[in-house]
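Note that the structure is predicted; figures quoted are calculated from it, not measured. Residue numbers begin at 1 in each chain, while the letters A, B, ... track the order of the sequences.
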Amino acid sequence: MAQKIYNTKTRRKEVLQPLHEGAIGIYVCGITAYDLCHIGHARAAVVFDVIFRHLKARGYQVTYVKNFTDIDDKIIERAGREGVTTGQLSERYIRLHDEDMAALNVLTPTVTPKATEHMAEMIELIKMLEQKGIAYEADGDVFFGVDRYPAYGGLSGRKLDDMMAGARVDINDKKRNPLDFVLWKKSKEGEPSWDSPWGKGRPGWHIECSAMSRRYLGDTFDIHGGGEDLVFPHHENEAAQSEAATGKPFARYWLHNGFVKINAEKMSKSLGNTFSIRDMISRYHPEVLRLFMLQSHYRSPVDFSEDSLKEARAALIRGYTALQALKEAKKQAGNQDVGGQRESGSDEAGRWDEFVSKFDMALDDDFNTAQALGYVFEAARQANQIAAAGKKMPDAALRAQLDIAAGAFVHFGNVLGVFQSDPDEFFMADRSIEAGKSGLDVSWVEMMIAKRQKARDDKDWTLADDIRKELADKNIMLKDSAGRTVWSVD
RNA sequence: GGCGGCAUAGCCAAGUGGCUAAGGCAGCGGUCUGCAAAACCGUUAUUCUCCGGUUCAAAUCCGGAUGCCGCCUCCA
């Protein structure tokens with residue numbers, strides 16, 4: 001089945017037809033490096049990471065470019081406040097960004113260019129626009145004249161006249177049209193600046209993405225992505241300046257992810273209701289955050305709350321429980337080949353092929369991770385079943401089934417970027433995070449469990465149950481299994 | 001004021017013309033267990049905000065109403 005993709009530009013789901021057979025170029029707007037990344041950045045990163053992973057799993061050769069904006073007003077402002085250079089400030093936040101992404105299991109894109117390293121490319125584009133009479137200089141600033149580009153507004157579905165009616169256009173005497181936007185900005189005294197044909201200055205926000213996508217992907221490329229708040233003005237302006245300069249189509253498919261909301265309200269810097277990634281992953285396993293993002297379709301808004309994370313954690317635990325069951329069954333079945341029924345696995349193999357194929361098809365349909373996860377959980381139920389059967393009847397056929405099931409989960413995990421830990425390690429990490437949150441003393445818990453184990457050995461069920469209850473009052477759940485007791489915080 | 005999106009069980013959330021409306025959480029009954037937990041089996045929406053229309057057939061298409069949200073200003 002062909003890959004389908006919702007294109008913001010046409011507002012329709014379309015079949016993805018790459019410019020070059022078998023290869024796909026993606027450009028995604030990354031962060032402006034002046035502050036910690038928040039969970040909104042995490043959503044965009046995870047969404048495009050899964051798109052990247054799925055397209056690669058489908059055999060495409062994917063070139064994924066995600067930029068860093070390392071020069072802009074906010075960076076200058078903050079660096080000035082902290083008494084460091086803009087370079088020092090942006091380097092610091094790029095490093096923290098990279099750490100956050102690594103923690104979230106986000107693959108590093110193919111290219112991660114920085115704006116300040118592409119001044120020549122930006123200046124060249126601006127010169128092209130100036131030569132075509134689309135850009136004009138005014139006292140050291142260079143503007144893009146929206147009147148000279150008839151297709152302006154095509155991406156975001158607006159008309160120039162309608163926008164003029166809106167009150168929120170800034171007053172700037174240098175602009176011929178209030179909707180014109182800056183390509184090159186004259187620097188003030190003491191600000192970082194670069195030499196250009198228009199004097200010392202720095203690039204406008206939009207031109208960097210036009211320049212870097214052009215350099216790494218070409219004038220025309222397949223997919224351009226970002227958060228939906230970038231549709232206007234950022235992407236509209238990018239498309240306008242690129243197409244006007246090169247005379248060729250820019251991105252062919254535009255993908256925009258929905259917002260993360262807090263209490264049904266948009267999370268944003270200006271509202272002051274952001275949560276940083278590092279704060280969240282200190283309180284939940286990073287895969288919980290990933291699963292939370294992937295449980296909804298990427299274009300829908302998601303409402304972030306303590307409860308929604310708890311539900312995502314419960315779901316993740318369900319998946320890992322199945323993986324652990326497979327692992328245990330495999331261990332037990334390991335060397336106990338009792339032979340026979342070697343053909344019995346074929347129906348089972350077909351069932352697992354179907355899980356995998358449905359999973360892949362869900363992602364083929366505009367990256368429907370929510371639907372794909374539905375199949376993952378159906379597979380988890382099936383895994384639990386064969387793991388239980390495998391413990392009772394450890395023959396070669398069942399062993400093969402366990403391998404097939406485990407293989408399917410490797411595929412699900414690799415594409416979604418979850419289930420990347422060994423189950424035991426996952427449960428240990430989860431336990432440690434939860435114990436930390438409720439201020440539990442781990443050694444005390446383990447001492448109590450040892451005490452209860454002794455009571456159980458003595459068949460002193462009253463004492464054993466009292467200890468279970470005492471721990472349960474602290475939300476500690478015990479699970480007795482062959483020879484040992486494992487615990488978790490509920 | 002202009003433009004756009006969403007409304008599915010107690011909660012979260014897929015499904016965009018036709019099989020029994022995925023899946024997760026929570027709940028209930030059962031199996032298993034010293035007791036539990038987990039797991040497994042069964043169960044929980046005759047119905048998809050409301051009102052009209054198109055169609056042999058609509059949660060799904062069209063029109064209208066109501067409610068919520070986003071963009072138009074830096075923002076993933």
Can you check the distance between [N] and [M], where both ends of the measurement are the [atom1] atom (answer in whole Å)?
N	M	atom1	answer
B/A65	B/A59	P	23 Å
B/U8	B/C3	C1'	27 Å
B/C56	B/A9	P	31 Å
B/C48	B/G17	C1'	15 Å
B/G53	B/A13	P	32 Å
B/G34	B/A22	C1'	39 Å
B/C19	B/A39	P	32 Å
B/C6	B/C12	C1'	15 Å

Measure [atom1]/[X] against [atom2]/[N] and give the value in whole Å, please.
X	N	atom1	atom2	answer
A/K469	B/A36	NZ	P	15 Å
A/L230	B/G4	CG	C1'	16 Å
A/R299	B/A14	CZ	C1'	13 Å
A/K9	B/G4	NZ	P	17 Å
A/K310	B/A13	NZ	C1'	20 Å
A/H38	B/C74	NE2	P	15 Å
A/I386	B/C41	CD1	P	13 Å
A/Y152	B/C3	OH	P	17 Å

With a 4.0 Å cut-off on heavy atoms, is [X] in touch with a base, just the backbone sugar-phosphate, or nothing at all?
X	answer
A/V376	nothing
A/G40	base
A/R12	nothing
A/L478	base
A/N368	sugar-phosphate
A/K74	sugar-phosphate
A/H297	sugar-phosphate
A/N384	sugar-phosphate
A/T321	sugar-phosphate
A/G258	base
A/F259	base

Counting only distance, no hydrogens or angles, is the base of [N] paired donor-acceptor with the side chain of [X] under 3.5 Å?
X	N	result
A/D229	B/C74	no
A/E311	B/G24	yes
A/R456	B/G34	yes
A/R468	B/A36	yes

With ring centroids as reference points, do [X] and [Y] lie under 6.0 angstrom apart?
X	Y	value
A/Y34	A/Y93	no
A/H206	A/H235	no
A/F250	A/F221	yes
A/F419	A/F412	no
A/F355	A/Y375	no

Any side-chain N or O of [X] less than 4.0 Å from the OP1 or OP2 oxygen of [N]?
X	N	answer
A/Q385	B/C41	yes
A/R318	B/A38	no
A/K266	B/C71	yes
A/S300	B/A7	no
A/R11	B/G5	no

Which nucleotides of nucleotides 26-31 of chain B have their base under 4.0 Å from a protein heavy atom (B), which only their sugar-phosphate (S), and which neither (-), written as one string 5' to 3'?
------
Ignoring hydrogens and geometry beyond distance, is a side-chain donor-acceptor pair present between [X] and [Y] at under 3.5 Å?
X	Y	value
A/H54	A/D364	yes
A/Y298	A/D366	yes
A/D490	A/N475	no
A/D457	A/Q453	yes

Between A/K261 and A/M267, who's closer to the 5' end of RNA chain B by nearest nucleotide?
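Nearer the 5' end of the strand: A/K261.
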Of the nucleotides [options], which one has an atom closest to the side chain of [X]?
X	options	answer
A/A370	B/A14, B/G34, B/C41	B/A14
A/E228	B/G70, B/A14, B/A76	B/G70
A/R381	B/C40, B/C71, B/A76	B/C40
A/H41	B/C35, B/A76, B/A22	B/A76

Closest contact, heavy atoms only, A/H224 versus A/A251
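Heavy atoms only, the tightest pair is CB-CB, 3.5 Å.
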If [N] has a Watson-Crick or G-U wobble mate with both distances under 3.5 Å, name it; if not, just say none.
N	answer
B/C32	none
B/G18	B/C56
B/G10	B/C25
B/C50	B/G64
B/C71	B/G2

Verify stack between A/F377 ring and B/G23 base, 5.5 Å, 30 degrees:
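Aromatic stack with B/G23 absent for A/F377.
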Is the shortest distance from a Lys or Arg side-chain nitrogen in A/K74 or A/D72 to a carboxylate oxygen in the other one below 4.0 Å?
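Yes, A/K74 and A/D72 are salt-bridged.
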To the nearest 0.5 Å, what is the distance between CD1 on A/I71 and NZ on A/K114?
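So the CD1 of A/I71 and the NZ of A/K114 are separated by 13.5 Å.
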